[in-house]
Asks: 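Right, I'll just put the structure down here and ask away after.
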Amino acid sequence: MKQLRSSAFAPASIGNVGVGFDILGLAIDGVGDTVELIANTESRAMTISFSDPAVGFSNDAIPVDAKGNTAGAALLTLQDDLKLPIGFDVRIRKGIPLGSGMGGSAASAVAAVVAAAKILQILPKRLRPAKVAKLSLEQLFGYALEGERLGAGAAHPDNVAPCLYGGLTLSSPLFTEPVKTLPLPKGLCCTLVHPDVRVDTKTARQILRPNVTLQTYVHQSALVAGFVLGCSTRDFELIGESLRDLVIEPQRQHLIPAFENTKRAAYSVHGCLGFSISGSGPSVFALSRSFTAAKGVAKEIQAQFKLAGLDSQAYISRLPAKGAM
Ligand code: HSE
């Protein structure tokens, strides 16, 4: 039988978006992971390998055992749920550096399940379970989330959601549809800068205090509501006033060298609306009114990292950015 293969690309994303811990996420352009699948029609075995790692980038720390790998864990969940009689040879091309706060574990998991959905469409009927015809974004979201649970030690949805759906997403297990895509004002641009340091998400979650005061709860709720309202009414001032993190940023900023300087430098650029940590860091991001401002912000942030002795990579996106494909 002809080899059945497919591939999918999933973009990097910004978890939390600085204001909505574990519930808001933003897809970005220009960087992501690609997963290629070859269907194994003879057995349910799952093998993982890496292809052409990007220059200067090491995959050493990523497990190749399917159960221990985010893409593998997502595919095993899909295989189990659909009672698939086939397995996959999984080839991952990591574009997102490990421990960068750019949603790398989510991207591998999302690319894997999107590639699987494509292969299921071309499977011969005898191998295709009835449930496959109904495979929805919501199902793929659930499978990819299992991969994320493995990567981060918790199934937080704020990277998987934007990575799969694109744009700015709001997710909560309390909604009947677990992911809502929110409107974004035309012209809004994002700068993401990744300094060459690694932060482990599990550790960055463990350092967080479990409680907030009532006053902080009220203030942060107002900021999330203001941010979402600002995005939907194209109110750049409100977006700028609301993009603030009173809870998580103060507890994690010490993990990022020169954090205060990069923040100050970003805000010094005319048109910069807000700045915070991307996911659990060390990447930082800013939202700006225009592409020109977003480029200026990147230059300022990178100059501060350079002064601290760190190389960095910058990615600028016109929003909304597309999800996995
Ligand atoms: N919401 C997660 C966290 C995102 O901040 O721990 C990790 O990328």
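When reading the values below, keep in mind they use all heavy atoms of this one structure, side chains included, and skip hydrogens, waters and symmetry mates. Start at 1 and go down the list; that is how both ligands and their atoms are numbered.
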Asks: Quick one: which of Leu192, Asp196, Val197 gives a side-chain contact (heavy atoms from CB on, under 4.5 Å) with His194?
Replies: Asp196
Asks: Check whether the side chains of Thr201 and Ser280 place a donor and an acceptor atom closer than 3.5 Å, and report yes or no.
Replies: yes
Asks: Going by the order shown, which atoms of ligand 1 are within less than 4.0 Å of some heavy atom of Arg205?
Replies: 1 (N), 2 (C), 3 (C), 6 (O)
Asks: Quick one: which ligand 1 atoms are inside 4.0 Å of a heavy atom on Asn16?
Replies: 1 (N), 2 (C), 3 (C), 5 (O)
Asks: Applying a strict 4.0 Å limit to heavy atoms, is Gly101 in contact with ligand 1?
Replies: no
Asks: Taking heavy atoms and a distance under 4.0 Å, where does Arg252 meet ligand 1: side chain, backbone, both or neither?
Replies: side chain
Asks: By the salt bridge (Lys or Arg N to Asp or Glu O under 4.0 Å) test, which pairs, at least two apart or in different chains, include something from residues 260-274?
Replies: Glu249-Lys263
Asks: Which pairs with one or both residues in residues 267-315 pass ring pair (Phe, Tyr, Trp, His ring centres under 6.0 Å), sequence neighbours excluded?
Replies: Phe259-Phe275
Asks: Pair Arg252, Arg205 - check side chain to side chain contact (heavy atoms under 4.5 Å, CB included), show working.
Replies: CA-CA 9 Å; Arg252 281 181 172 166; Arg205 292 181 78 83; 3.7 Å; yes
Asks: For ligand 1 and Thr201, I'd like to know whether there is a polar contact (N/O to N/O, distance under 3.5 Å).
Replies: no
Asks: Just heavy atoms, cut-off under 4.0 Å: does Asn159 contact ligand 1 by side chain, backbone, both, or neither?
Replies: side chain
